[in-house]
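Reviewing the structure listed below.
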Amino acid sequence: QVQLVESGGGLVQAGGSLRLTCEASGLTFNTYAMAWFRQAPGKEREFVAGIRASGRYTFYGDSVRGRFTVSRDNAQNAVFLQMSSLKPEDTAIYHCAAERTTDWISTSAHQYTVWGQGTQVTVSS
């Protein structure tokens with residue numbers, strides 16, 4: 001069964017850091033683009049970061065660029081999101097997503113067909 005499982009969420013003070021992990025199973029991981037999306041109550045789902053199947057290219061949403069870093073370890077079937085200088089507006093459920101492509105990073109959620117259950121990140125002021 002294809003599955004993505006996120007971990008690493010929690011409560012952190014503004015200005016702090018947190019590292020999220022997404023572990024994949026049931027797929028050929030190095031053929032999948034991976035992305036992170038987040039959704040806060042009452043708000044639209046927002047693209048956070050994406051990474052090509054190879055790990056060579058990354059792309060970030062405007063609100064997190066310069067503060068967050070996405071990376072992957074294909075040997076471990078895992079993608080990571082290192083979050084620094086966290087702000088209260090970063091509070092959301094963070095989901096990882098996957099799509100079988102080696103040549104793009106999409107900011108559109110509908111282009112990803114595999115999703116994790118999400119992990120809660122709460123940033124206090």
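Computed over heavy atoms, backbone and side chain alike; hydrogens, waters and symmetry mates excluded.
The heavy-atom pair separating G118 from E6 by the smallest distance is N-OE1, 2.8 Å.
We find the CD-OG1 distance between Q120 and T91 to be 7.0 Å, quoted to the nearest 0.5 Å. Here the SG-CD distance, from C96 to Q117, works out to 7.5 Å after rounding to the nearest 0.5 Å. Interatomic distance, CD1 of I93 versus OG1 of T119, reported as 9.0 Å (0.5 Å rounding). Here the CG-CG distance, from N30 to D73, works out to 11.5 Å after rounding to the nearest 0.5 Å. Rounding to the nearest 0.5 Å gives a distance of 9.5 Å between CG of N77 and CE of M34. Q1 contributes atom CD, which lies 11.5 Å from atom CG of L27 (distance to the nearest 0.5 angstrom).
Residue pairs satisfying the ring pair (Phe, Tyr, Trp, His ring centres under 6.0 Å) criterion with at least one member in residues 87-125, sequence neighbours excluded, are listed as follows: F37-Y112, F37-W115, W104-Y112.
Proximity of L18 to V121: side-chain heavy atoms (C-beta onward) are separated by under 4.5 Å at one or more points. Looking only at side-chain heavy atoms (C-beta outward), F59 and F47 come within less than 4.5 Å of each other. Looking at heavy atoms from C-beta onward, Y60 lies out of side-chain contact with V48 at the 4.5 angstrom threshold. In this structure, V64 and R38 have side chains that are in contact, with non-hydrogen atoms separated by less than 4.5 Å. Annotation: side chain of L4 is not in contact with side chain of E23 (no heavy-atom distance under 4.5 Å).
Looking at R100, its side chain never comes within 3.5 Å of a backbone N or O of Y32 through a donor-acceptor pair. In this structure, R72 contributes its side chain and F29 its backbone to a donor-acceptor pair below 3.5 Å. Checking side-chain atoms of Q3 against main-chain N and O of S25 turns up no donor-acceptor pair under 3.5 Å. Of the possible polar contacts, none joining the Q39 side chain to the A92 backbone as a donor-acceptor pair under 3.5 Å is found. Looking at Q13, its side chain never comes within 3.5 Å of a backbone N or O of V123 through a donor-acceptor pair. Without hydrogens or angle criteria, Q111 side chain to S106 main chain gives no donor-acceptor distance under 3.5 Å.
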Which atom pairs, one a donor and one an acceptor, fall under 3.5 Å between side chains of residues 78-88 and the rest of the protein, sequence neighbours left out?
none

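A single hydrophobic cluster is seen to contain both V70 and F68, as judged by linkage of ILVMFWY side chains at heavy-atom distances under 4.5 Å, directly or through other members. By the criterion of side-chain heavy atoms lying less than 4.5 angstrom apart, applied directly or through intervening Ile, Leu, Val, Met, Phe, Trp or Tyr residues, W36 is grouped together with V12 in one hydrophobic cluster. Following chains of ILVMFWY side-chain contacts shorter than 4.5 Å, one can reach V114 starting from L20, so the two form part of one hydrophobic cluster.
The pair R52-D103 fails the salt-bridge criterion, with no side-chain N (NZ, NE, NH1 or NH2) lying under 4.0 Å from an Asp/Glu carboxylate O.
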